[in-house]
Structures are given as structure tokens and as C-alpha cells.
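Presented below is the structure to which this report refers.
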Amino acid sequence: MSNLLNRRNWLKNTTLATGATAFLGKSVLSDVNWRASSPSPSMNFWEWELVRKRTFPELKARLLANENPYGPSPKAKEVIKDAVSLGNRYGHEDAAILIEMLAEKEGVTKDHIMLGPGSSDLLEKVAISRFMTDGNIVSADPAYMSLIKTAKAMQAEWRPIPLKSDYSHDLEAMEAAIDSKTKLVYICNPNNPTGTITAGNKLSDFCNRVSERVPIFIDEAYLEFMNPADKMSMI
Ligand SMILES: Cc1ncc(COP(=O)(O)O)c(C=O)c1O
């Protein structure tokens with residue numbers, strides 16, 4: 001690879017995406033109605049901010065958000081600072097290089113990789129493309145709601161399956177909930193908001209069997225944080 005991806009160019013694109021999000025958040029602030037004083041996990045980010053400002057002291061760690069309480073590393077800050085001067089350039093070539101690197105790392109072809117500015121964007125795109133016409137989505141309850149909320153906004157029916165008593169996925173009940181109108185099964189492993197793990201071998205059996213009938217989306221946003229013994233990607 002002659003034109004190596006460097007972190008400076010990569011972070012440049014991330015910075016641009018963050019700028020867009022901040023702009024959107026600001027424009028909707030005026031529409032927010034005050035809710036009860038305790039924050040709920042289903043609140044949007046701008047609502048959390050308003051509630052926090054009104055009710056809570058300055059917090060180092062907001063445990064209802066998956067944030068790094070220590071802030072960006074000094075090295076990352078340095079790279080972001082450098083990247084600002086390249087903010088006038090599109091990052092398509094860097095994206096193409098990153099796709100090649102990821103495909104090689106995961107042992108798949110390039111057409112299996114889709115990039116996004118964070119995974120929420122990709123979760124929502126999957127929901128929009130799967131649920132253009134009616135259908136249902138099967139997932140655990142509770143689960144991370146971004147994809148599910150978008151599916152519901154597309155008029156999909158959500159079939160929530162309660163987690164088991166150890167907070168793992170009830171794979172048997174999820175399979176039983178699938179019917180001819182099911183267009184996606186969504187599984188988050190480790191799960192959010194419980195942080196619990198569904199055993200990799202059970203999940204892989206489930207995927208091998210059930211994906212013959214319906215696509216399964218495994219959200220592995222937190223896979224890197226797992227103990228090596230538990231870590232098993234479904235890719
Ligand atoms: C399971 C899971 N998937 C995806 C996301 C979205 O992450 P991102 O910040 O990359 O959009 C989150 C964020 O909390 C999450 O918990």
C-alpha cells in the first residue's frame with residue numbers, strides 16, 4: 001500500500017462529523033420540553049444535558065452514558081489539532097484505504113465493509129434499508145435502542161424478548177418469535193444497557209441456524225473490552 005492511512009487524515013473526518021452533530025443538537029434545543037428531574041436512558045443527549053445542568057452538580061463520570069471520564073489522550077488531542085489544517089479536504093481516498101485495511105484484518109472482501117461516523121449512523125441505515133416496507137424486528141429487551149427506534153419509526157413492529165434471569169439473551173424465545181414477516185434479528189453482545197455476555201458458542205450456533213431464515217445483526221460495539229476467553233466475534 002503506497003498511500004498509507006495516517007491518523008491525522010482519519011481524525012480529520014471524525015472532527016467534521018462531530019461538528020455536524022453539534023450543529024444539529026443546538027438547533028433542536030429550543031423544542032425540548034422539561035421532563036421529570038431524573039434522567040432516563042431513553043432521553044436524547046441534548047435532554048440529558050439540560051437536566052444535568054438544572055439538577056446535578058458537575059460530574060466526572062456520567063454513568064448513564066458510555067463515555068471515557070478521563071477525556072481524550074494527549075496524543076489524540078495533538079493529532080486532532082494537526083488535522084484541523086486539512087479540514088478543507090474530502091477523505092474519500094483515506095476511507096478507501098481504511099476499508100482495505102479492515103477487510104484484511106477481518107478476513108473478508110471489501111464489499112463487506114461499510115464505514116460511518118460512529119456506529120449509530122450504520123445502525124440507523126440498516127434499519128431504514130430493512131424496513132422500507134412493513135416487517136418486524138426481534139431483539140432482547142432491554143437492548144441498545146438506536147436501530148430498533150429507527151425500525152419503529154419506519155413502521156416496523158418491535159418484538160421485544162426479555163433477557164433471561166442471568167441477563168443473557170433468551171435465544172430460544174427469540175427464535176420462536178421469528179415469523180414470515182421478520183426482517184431482522186438484532187443482538188447486542190455484550191449487551192447495552194446490561195453489559196452482560198451471551199456465550200459465543202451458543203450465539204454462533206444460533207447464527208448458523210437462524211440466518212438461513214432471516215438476517216441477524218450482531219452489534220459488537222464493546223467486543224474489545226471483553227476478556228480474551230469470552231471474546232468471540234461473529235464475523
Ligand atoms: C451497543 C451499542 N452499539 C452502538 C452504539 C453507538 O455508538 P457510536 O457512538 O459509535 O455511534 C452504542 C453507543 O452507546 C452502543 O452501546
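Owing to the predicted nature of the structure, the values given are computational and were not obtained by experimental measurement. Numbering of ligands and ligand atoms starts at 1, following listing order. Nothing fancy with the numbering, it's 1 onward along the sequence.
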Checklist entry - What atoms of ligand 1 come closer than 4.0 angstrom to any heavy atom of Gly118? => result 10 (O), 11 (O)
Checklist entry - So do the side chains of Trp158 and Asp141 get within less than 4.5 Å of each other, counting heavy atoms only? => result yes
Item to check | Nearest-contact summary for atom 4 (C) of ligand 1 - protein heavy atom, Å | outcome: Ser119 OG, 3.2 Å
Item to check | Sidechain-backbone polar pair: Asn191 side chain, Pro142 backbone, donor-acceptor under 3.5 Å | outcome: yes
Item to check | Protein contact to atom 13 (C) of ligand 1 [nearest heavy atom, distance to 0.1 Å] | outcome: Tyr144 OH, 3.3 Å
Item to check | Ser146 and Tyr186, any side-chain heavy atoms less than 4.5 Å apart | outcome: no
Checklist entry - Should the pair Tyr222 and Phe225 be assigned to parallel (<30°), tilted (30 to 60°) or perpendicular (>60°) ring geometry? => result tilted
Next on the checklist: Working to the nearest 0.5 angstrom, can you tell me the gap between His169 NE2 and Asn189 CG?
Outcome noted: 6.5 Å
Checklist entry - Strictly under 4.0 Å, does any heavy atom of Leu123 approach an atom of ligand 1? => result yes
Item to check | Exercise: do Asp179 and Asn136 side chains pair donor with acceptor under 3.5 Å | outcome: yes
Checklist outcome for this item: Here the gap from Phe217 atom CZ to Cys188 atom SG, rounded to the nearest 0.5 Å, amounts to 9.5 Å
Next on the checklist: For Glu175, is there an ion pair with Arg209 - N to carboxylate O distance below 4.0 angstrom?
Outcome noted: yes
Item to check | Residue Ala221 vicinity, atoms of ligand 1 by number, heavy atom under 4.0 Å | outcome: 1 (C), 2 (C), 3 (N)
Checklist entry - Quick check: does Asn192 get an N/O under 3.5 Å from an N/O on ligand 1? => result yes
Checklist entry - How far is atom 11 (O) of ligand 1 from its nearest protein heavy atom, and which residue and atom is that? => result Ser120 OG, 2.6 Å
Checklist entry - Side chain, backbone, both or neither: which part of Cys188 has a heavy atom under 4.0 Å from ligand 1? => result side chain
Item to check | Residue and atom name of the nearest protein heavy atom (relative to atom 3 (N) of ligand 1), distance in Å to one decimal | outcome: Asp219 OD2, 2.7 Å
Checklist entry - Is atom 8 (P) of ligand 1 in close reach of the protein, with a heavy atom under 4.0 Å away? => result yes
Checklist outcome for this item: Looking only at protein heavy atoms, what sits closest to atom 15 (C) of ligand 1 is Tyr222 OH, 3.3 Å
